[in-house]
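Notes follow the structure.
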Amino acid sequence: MNTIKYLKFEDSNPEDLISILNEESLRKHLVEHPHFDSSNINEWISGKIEINAAKGCRVRVISIEGKIAGWCGIQEDDEGFEIAIVISQKFWGYGIRIFKAIMSWAKELGHKEVLFHLLETRRNYKSLVRMARKVSHRQLLGRNFSTYYLLVP
């Protein structure tokens with residue numbers, strides 16, 4: 001079984017994240033933002049380090065078999081806490097394992113519910129609908145999202 005490690009942002013190389021965060025196949029599923037480069041990646045990482053320090057939050061860089069695959073975590077949002085999984089297309093098959101790890105973090109951090117916002121470009125996931133207390137559709141940052149309100153087991 002492939003090894004997944006969750007690294008602190010401060011223990012990772014910013015350059016390793018740039019190419020992943022700029023992948024067009026990934027960007028079409030995220031809110032619009034400028035492409036990353038060596039000048040703006042450090043500011044973004046500093047923001048993630050600050051989020052990680054906040055109560056109820058945990059954000060990490062994902063390493064799979066020693067290769068940086070993306071990032072994930074639990075961060076505050078306007079309705080509570082949201083989970084995020086942002087991984088390179090070549091690692092999309094690992095999403096369920098990463099999701100399960102984040103849900104275990106949510107339990108460890110004492111959350112009763114977390115939100116999972118998926119952009120309109122993503123299909124409707126029946127498994128998420130079954131897990132969700134409710135599903136809503138709304139606009140965030142000018143884009144349409146499905147928001148799954150997930151109860152933490």
Throw together a table of side-chain donor-acceptor distances under 3.5 angstrom for residues 10-17, partners on residues two or more places apart or in other chains.
residue: S12; atom: OG; partner: F9; partner atom: O; Å: 2.8
residue: N13; atom: OD1; partner: E15; partner atom: N; Å: 3.0

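For the atom pair CD1 of I68 and CD1 of I62, the computed distance is 9.5 Å after rounding to the nearest 0.5 Å. In this structure, the separation between OG on S88 and CD1 on I20 is 5.5 Å, given to the nearest 0.5 Å. Rounding to the nearest 0.5 Å gives a distance of 10.5 Å between CZ of F81 and CD of Q75. Of the inter-residue distances, the one linking F99 atom CZ with M131 atom CE reads 3.5 Å to the nearest 0.5 angstrom.
Counting only heavy atoms from C-beta outward, the side chains of V135 and T147 never approach each other to under 4.5 Å. Residues I64 and T3 fail the side-chain proximity criterion, which asks for heavy atoms closer than 4.5 Å. Looking at K134 and Y148, their side chains never come closer than 4.5 Å, going by heavy atoms from C-beta outward. Contact annotation: the side chain of L21 approaches that of I41 to within less than 4.5 Å [non-hydrogen atoms, C-beta and beyond]. Contact check for R138 versus E79: side-chain heavy atoms found under the 4.5 Å cut-off. Looking at heavy atoms from C-beta onward, L150 lies out of side-chain contact with R133 at the 4.5 angstrom threshold.
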Would you please test H111 and V152 for side chain to side chain contact (heavy atoms under 4.5 Å, CB included) and show each step?
-> CA-CA 7 Å; H111 296 296; V152 178; 4.2 Å; yes
I would like to know whether K8 and V61 meet side chain to side chain contact (heavy atoms under 4.5 Å, CB included); could you show each step before the answer?
-> CA-CA 6 Å; K8 291 185 175 182; V61 172; over 6 Å; no
Please step through side chain to side chain donor-acceptor pair (under 3.5 Å) for the pair Q89 and E23, ending with a clear verdict.
-> CA-CA 8 Å; Q89 184 175 6; E23 281 182 16; over 6 Å; no
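Listed for the D37 side chain is a donor-acceptor partner under 3.5 Å among the backbone atoms of N40. Using modelled atom types, no side-chain atom of E76 and backbone atom of C57 make a donor-acceptor pair closer than 3.5 Å. For N52 (side chain) and V59 (main-chain N/O), a donor-acceptor pair under 3.5 Å exists by modelled atom type. No side-chain donor-acceptor contact under 3.5 Å links Q139 to the backbone of N144.
Taking Ile, Leu, Val, Met, Phe, Trp and Tyr as members and joining any whose side-chain heavy atoms lie under 4.5 Å apart, directly or through other members, the hydrophobic cluster of L115 also contains Y149.
Pairs passing the salt bridge (charged side-chain N to carboxylate O under 4.0 Å, His left out) check and including a residue from residues 41-58, sequence neighbours excluded, read R58-E108.
Nearest heavy-atom pair, S63 versus L7, reported as atom, atom and distance to 0.1 Å: CB-CD1, 4.0 Å. Considering every non-hydrogen atom in both I74 and G56, the closest pair reads CG2-O, 3.6 Å.
Linking ILVMFWY side-chain heavy atoms closer than 4.5 Å, directly or via other members, places I102 and W92 in a single hydrophobic cluster. A single hydrophobic cluster is seen to contain both M103 and V129, as judged by linkage of ILVMFWY side chains at heavy-atom distances under 4.5 Å, directly or through other members. Linking ILVMFWY side-chain heavy atoms closer than 4.5 Å, directly or via other members, places I49 and W44 in a single hydrophobic cluster.
For S146, the side-chain hydrogen bond (donor to acceptor under 3.5 Å, both in side chains) partners at least two apart in sequence or on another chain are H137. Residues meeting the ring pair (Phe, Tyr, Trp, His ring centres under 6.0 Å) test with H117, sequence neighbours left out: none. With sequence neighbours excluded, the residues forming a side-chain hydrogen bond (donor to acceptor under 3.5 Å, both in side chains) with Y94 are N2, listed by chain and number.
Note: W105 and Y6 have perpendicular aromatic rings, judged against thresholds of 30 and 60 degrees for the angle between ring planes.
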